Amino acid sequence: MIDLPEPPAPDGSVLARTLLIGMCGTDREIAADGYGVPPPGEERLVLGHESLAEVIEAPEASGFAPGDLIAGVVRRPDPLPCPACAADEWDMCQTGDFVELGIKERHGYGSERFRLDPRFAVRLEPGLGDLGVLLEPTSVLAKALEHAERIGARAWFDPRVALITGAGPIGLLAALLARQRGLDTHVVDLVTEGAKPRLVADLGAHYHSTPVAELPLEPDIVIECTGVGEVVIDATHLAAPGAVVALTGISHSERAGEAYLDALNKDLVLGNKVVFGTVNAARRHYDQAADALAAADPGWLARLITRRLPRENWPAGLEKGPEDIKVVVDMTASTSEHESRVASAGRPEGKPT
Ligand SMILES: [Zn+2]
């Protein structure tokens, strides 16, 4: 931890106090492998792209008021901006000159306070409390599902069965959104016991630990969350005619393997199947994610946060335990302050998943 100056005014008119920071594989890559890029001319990069904060100051015209619970958008438009960024679809940026807070050329939210433009602040239902820290990862799945539906809408499309490959935080949030759409949802992962199968079952979804190729399913929508090449190919073959397969995971391995590429091509052509990649989220996907979290069972969401670290111990979040799903860092000043906030945060009860 280091001392930083107060957040600069040009960062935006909304001043916020950071409550929680969620950690993920990207933070581990930045810390361990030097994946991130500090702001120009600086040696350090403040981490933290999964944020939860409370507004301290905001002009009336911003639509925000002190006490509002918010999360910040990660990617910011390229300076040009390209046509996609100009349309608030910075997730589809054409130039690659965007910045990402806590990842690429802009400090993240892992400071006590930050400023941001209201355009990049996302309002959370106050009753969500700490669960609002799940907004950023949820926005990634809101985009994956919305794009899958938009692609499916090119022709008759009546998706009923969803397959989610991987039951980490991304896979579990994908399963949540699939269930909220009423899809018969199946999640496949390697583990055979523990929190993941129970979390899947408690959504009313089905958990499998059999190889993807052997699943007795014909999914209409696949959300691939492992980034493993064989899983991608097997899930594509498994998918129903006209299915849409969303790839959300990546692997940094340079593993080569044997694949029947002509058979894959034939299957895609004769099955009218679409495989597409998706990363990050546009402004509207953050709002969709905020609605999805507000509609979810808060007890289920709370079980995704398996470890909470005081800010002094944040590096412990870079190590992921076998039962860890989402690790969060408490950015508030003291333990007692944190406890009083948790006690006063009323959570809605009896909401459907
Ligand atoms: Zn752009």
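For clarity, every value in this text was computed on a predicted model and none was experimentally measured.
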Between Arg284 and Glu89, does any side-chain N to carboxylate O distance fall below 4.0 Å? yes
So, Arg76 and Glu105, do they make that salt bridge, N to O below 4.0 Å? no
Linking I/L/V/M/F/W/Y whenever their side-chain heavy atoms sit closer than 4.5 Å, directly or via other members, would [X] and [Y] fall into one cluster?
X	Y	answer
Ile233	Leu215	yes
Phe64	Phe114	yes
Val222	Val200	no
Ile221	Leu217	no
Tyr207	Ile325	yes

With a 4.5 Å cut-off on side-chain heavy atoms, are [Y] and [X] touching?
X	Y	result
Leu172	Trp300	yes
Leu318	Met23	yes
Val191	Pro197	yes
Thr248	Cys225	yes
Val275	Leu247	yes
Arg283	Arg119	no
His49	Asp27	yes
Leu80	Asp97	no

Kindly give the heavy-atom pair with the smallest separation between [X] and [Y], and that separation in Å.
X	Y	answer
Leu15	Pro7	CD1-CG, 3.8 Å
His237	Asp267	ND1-OD2, 2.8 Å
Ala71	Leu124	N-CD1, 3.9 Å
Val14	Ala58	CG2-CB, 4.2 Å
Gly96	Cys93	N-SG, 3.5 Å
Ala281	Val140	CB-N, 4.3 Å

Atom [atom1] in [X], atom [atom2] in [Y]: separation rounded to 0.5 Å?
X	Y	atom1	atom2	value
His285	Thr138	NE2	OG1	13.0 Å
Leu45	Glu100	CG	CD	11.0 Å
Arg123	Ile70	CZ	CD1	9.5 Å
Leu4	His107	CG	NE2	6.5 Å
Asp91	Tyr286	CG	OH	9.0 Å
Leu304	Leu176	CG	CG	8.0 Å

Any donor-acceptor pair under 3.5 Å from [X] side chain to [Y] backbone:
X	Y	answer
Asp234	Val231	no
Lys273	Thr236	yes
Glu224	Ala235	no
Arg75	Trp90	yes
Ser51	Gly72	yes
Ser251	Val228	no
Glu50	Gly48	no
Arg311	Met331	yes
Arg179	Leu203	yes
Asp33	Tyr35	no

Applying side chain to side chain contact (heavy atoms under 4.5 Å, CB included), run through Glu54 and Ile56 and close with a yes or a no. CA-CA 6 Å; Glu54 181 182 61; Ile56 305 174; 5.8 Å; no
Take Leu135 and Leu128 through the side chain to side chain contact (heavy atoms under 4.5 Å, CB included) test and state the conclusion after the steps. CA-CA 10 Å; Leu135 183 81; Leu128 270 177; over 6 Å; no
[X], [atom1] atom: more than 12 neighbouring heavy atoms under 6.0 Å:
X	atom1	result
Phe276	CZ	yes
Leu270	CG	yes
Asp262	CG	no

Might you work through the side chain to side chain contact (heavy atoms under 4.5 Å, CB included) test for Lys196 and Val187, ending with a clear yes or no? CA-CA 10 Å; Lys196 290 173 177 178; Val187 179; over 6 Å; no
Would you please test Asp220 and Arg160 for side chain to side chain contact (heavy atoms under 4.5 Å, CB included) and show each step? CA-CA 6 Å; Asp220 305 299; Arg160 292 168 193 275; 3.9 Å; yes
I want to check a possible cation-pi pair here: Lys104 against Phe98, using under 6.0 Å from ring centre and within 45° of the ring axis as the test. yes
Which is it for Glu57 and Arg113 under the salt bridge (Lys or Arg N to Asp or Glu O under 4.0 Å) test, yes or no, and what are the steps along the way? CA-CA 11 Å; Glu57 283 172 25; Arg113 288 179 288 283; over 6 Å; no
